[in-house]
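For reference, the structure is listed below as structure tokens.
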Amino acid sequence: MVRIQRVKGTRDLLPEDMIKRRYVFERIREVFEAYGFKEILTPTFEYTKLFELRSGEEVVEQLYAFEDKGGRNLSLRPDLTSSVARLFVNGFQTAPKPIKWYYITNMFRYEEPQSGRLREFWQAGVELIGSSNIEADAEVIALLIESYLSTGLKEFTVNVGNRILLDEFAKMLGVKDDIGLMRLIDKKDKMKREEFVKALQEFGLNEEDINKVFTLIELKGKPDDVLPKARELFTSKIAKEELKKIEELFELLKAYGIEDYALIDFGIARGFDYYTSIVFEAIADNDLGIGSIGGGGRYDNLIEVFGGKPTPATGFAIGIERLIPILESKRLLPEFKIGSDVFVAYIGKELGIKKKAIEVTQMLRKAKIRAEYDIQGRKLSKALNYANSIGAKVVIILGKKDFAEGKVTIRDMESGEQVAVPIKKAVEEVKKML
RNA sequence: GCCGGGGUGGUGUAGCCUGGUUAGCACAGGGGACUGUGGAUCCCCUAGCCCGGGUUCAAAUCCCGGCCCCGGCCCCA
């Protein structure tokens, strides 16, 4: 007999995992809804073409791609942004703007698993479609920050960069392979300074250019410190306009009251696939080897790539498998009690007494008390033992004597105290003890 | 896709280097001692060498391949 294993890069989620996830999702959901975002869900799989249109044919390597029985080339969704854009194009182009949608669901990417990276993972994210105003960027960045705060996380920052400024920067240096340069800059934190310098030299940059790269990288921190230096570095008109937007962005973030968590980091690249302007990523200090815990940005070209009329959009996603371990390691999650509060044990094997045990259990359940009765039909000492092991606070004992008198014995599992009460009073009595 | 480390009952492990009894231990699980009182004790039971091939008289142990886990690279939409 061959034992079937879990598929590589997937997880079984047990009750103690689920309760934590549910808690975190609920906190995030409350904030999303407070901001007026409405929940949507698109299909788990799409035509592979959808993702190719966005990211090029090479992405198939990173997709869970397959052919179905009808010969359709499909892929499990690697994120929801493409699907949401597709949905928008298919039916919401004339809907009132902005459209504010959120989702909490699983994604699939065919990659080698490692710390904080699985082949199936969950994201909570939002998309804000139809506004090119900087207000839209501010709204989603503020929402991202408030989402983390709602889970109890405090030691994190959302670092804001800008794709246009990086393009301008590449132009200034006369670099054609701007994406290559950005990837290199993105890796700056993983390398020693000398290695980084060497890599930049190999990329074809002279000393002056390399100094400019370092100036760019050091453009990191609070806007009051960073923006004046940025204005010296960037001289083009386009760049000046973007800098003005970023200045306004941070003014708006102050109005949201969350500016302490937002920083500028012009070295952020974030993949580069379809981001067009403001990009951002959330970093939480941790010793688990986890980098970004979420991120997003503006994607003003994607909707027309999918055949819609040009429509600006921005959004973000939070990686749950990255966030939860960090919350756990910082002890920010509450203690959860899983399982029943009341265990109903009965003595004897007669049908009548079993039925009475079920009836009592049902009374408790109808009163919204988490209760179960001893399906195993254990002897009393084992039943108490079991009740103890599942953490039941109260055991209801139904014996022949009780049965004959129309009563049950209620035992407080912490103190060991017991009272015999008429069955009709049992629920009331138990409620007092919980 | 590439690199490094690993894989022994449900869980945690001993054994592996240096091949040789019936693969040991603990916890968990089921039953009993105990036909109305738990967190205890005792007894019994269940259950394992990731898969395949090779070397050998003999493989958990040595060799090769695969799968999976942990971590790193590429990539990270």
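Reminder, nothing fancy here: chain letters follow the sequence lines and each chain counts from 1.
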Per ring pair (Phe, Tyr, Trp, His ring centres under 6.0 Å), A:Tyr274 is matched among A:Phe51, A:Tyr299, A:Phe306 by A:Tyr299
Checking N1-N3 plus N6-O4 or O6-N4 for Watson-Crick, or N1-O2 and O6-N3 for wobble, each under 3.5 Å, the partner of B:U18 is none
note: A:Glu405, atom CD; B:G36, atom C1'; distance rounded to Å ~ 13 Å
Report task. Could you tell me whether A:Lys187 contacts a base, only the sugar-phosphate backbone, or nothing, with contacts defined as non-hydrogen atoms closer than 4.0 Å? Result -> sugar-phosphate
Scanning both residues in full, the closest heavy-atom pair of A:Ile40 with A:Tyr103 reads O-CB, 3.7 Å
From the candidates B:A77, B:U37, B:G39, the one with an atom nearest any side-chain atom of A:Asn385 is B:G39
Side-chain atoms of A:Ile347 come closest, of B:G36, B:C76, B:C34, to B:G36
**Asked** Which value, in whole Å, describes the distance between the P atoms of nucleotides B:G15 and B:A77?
**Response** 45 Å
Between B:C43 and B:C51, how many Å separate the two P atoms, rounded to a whole number? 33 Å
Contacts of A:Leu384 and A:Tyr110 projected onto RNA chain B by closest heavy atom; the upstream (5') one is A:Tyr110
Correct closest heavy-atom pair for A:Ile290 and A:Pro325 would be CD1-CB, 4.3 Å
task: Just call it for A:Ser115: base, sugar-phosphate, or nothing, with non-hydrogen atoms closer than 4.0 Å on any strand.
output: sugar-phosphate
Checking N1-N3 plus N6-O4 or O6-N4 for Watson-Crick, or N1-O2 and O6-N3 for wobble, each under 3.5 Å, the partner of B:G38 is none
- Task: Please check if the distance between the ring centroids of A:Phe92 and A:Trp101 is under 6.0 Å.
- Result: yes
- Query: Does the side chain of A:Arg109 come within less than 4.5 Å of A:Arg117's, by heavy atoms?
  - Reply: no
Ranking B:U37, B:C76, B:A77 by distance to the side chain of A:Tyr275, first place goes to B:A77
Check your understanding: Within the modelled atom types, does a donor on one side and an acceptor on the other bring the side chain of A:Arg117 and the base of B:C75 under 3.5 Å apart?
Key -> yes
Worksheet item: Hey, do the aromatic rings of A:Phe37 and A:Tyr102 have their centres closer than 6.0 Å?
Response: no
Could you tell me how far B:G5 sits from B:C64 if I compare only their P atoms? Round to whole Å.
12 Å
*Please work out if A:Lys379 contacts a base, only the sugar-phosphate, or nothing of the nucleic acid, heavy-atom cut-off 4.0 Å.*
sugar-phosphate
To the nearest angstrom, the CD-C1' distance between A:Gln114 and B:G4 comes to 13 Å
In whole angstroms, the gap separating P of B:C75 from CD of A:Glu57 amounts to 19 Å
Touch check for A:Leu63, heavy atoms < 4.0 angstrom, all strands: base, sugar-phosphate only, or nothing?
-> base
Determine whether the aromatic ring centres of residues A:Tyr373 and A:Phe343 are separated by less than 6.0 angstrom. no
Here the distance between atom P of B:G29 and atom CZ of A:Arg378, to the nearest Å, is 9 Å
Would you indicate what A:Glu112 reaches in the nucleic acid, counting non-hydrogen atoms under 4.0 angstrom: base, sugar-phosphate, or nothing? base
* Asked: What interatomic distance, in whole Å, is found between P of B:U56 and the corresponding atom of B:C49?
  -> 26 Å
Rounding to the closest angstrom, what is the interatomic distance between B:C75 and B:A14 at atom P? 39 Å
A:Phe51 CZ to B:A77 C1', in whole Å, measures 10 Å
To the nearest angstrom, the CZ-C1' distance between A:Phe280 and B:C76 comes to 16 Å
From the candidates B:A77, B:G39, B:C70, the one with an atom nearest any side-chain atom of A:Asn388 is B:G39
Does A:Glu61 reach a base, just sugar-phosphate, or nothing at all? Heavy atoms under 4.0 Å. nothing
Open item on the list: Categorize A:Arg77 for me: base, sugar-phosphate, or nothing, with a 4.0 angstrom heavy-atom threshold over every strand shown.
Closed with: nothing
Looking at every strand, decide which applies to A:Gln5 at a 4.0 Å heavy-atom threshold: base, sugar-phosphate, or nothing. sugar-phosphate
The Watson-Crick or G-U wobble partner of B:C25, with both key distances under 3.5 Å, is B:G12
Considering every strand and a 4.0 Å limit on heavy-atom distances, what is the contact class for A:Gly416: base, sugar-phosphate, or nothing? base
### Query
Looking at the rings of A:Phe169 and A:Phe266, which for Trp means the six-membered one, are their centres under 6.0 Å apart?
no
A:Met107 atom CE is separated from B:C76 atom P, nearest whole Å, by 18 Å
Comparing nearest nucleotides in RNA chain B, the 5'-proximal residue of the pair A:Asp79, A:Gly348 is A:Gly348
> If we take the P atom in both B:A60 and B:G48, what is their distance in whole Å?
Replying inline: 15 Å
Quick note, A:Lys382 side chain, CB onward, closest among B:G32, B:C76, B:G36 is B:G32
By the Watson-Crick or G-U definition, both distances under 3.5 Å, B:U61 is matched with none
Quiz prompt | Interatomic distance at P, B:A58 relative to B:G19, whole Å | solution = 15 Å
*If you measure from the C1' atom in B:G6 to the same atom in B:U61, how many Å do you get, rounded?*
16 Å
Under a 3.5 Å limit on both distances, the Watson-Crick or wobble mate of B:G4 is B:C70
A:Leu184 atom CG is separated from B:C76 atom P, nearest whole Å, by 13 Å
Report task. Using a heavy-atom cut-off of under 4.0 Å over every strand shown, decide if A:Gly9 touches base, sugar-phosphate, or nothing. Result -> sugar-phosphate
Picking from B:G71, B:G30, B:U37, the nucleotide nearest the side-chain atoms of A:Thr409 would be B:U37
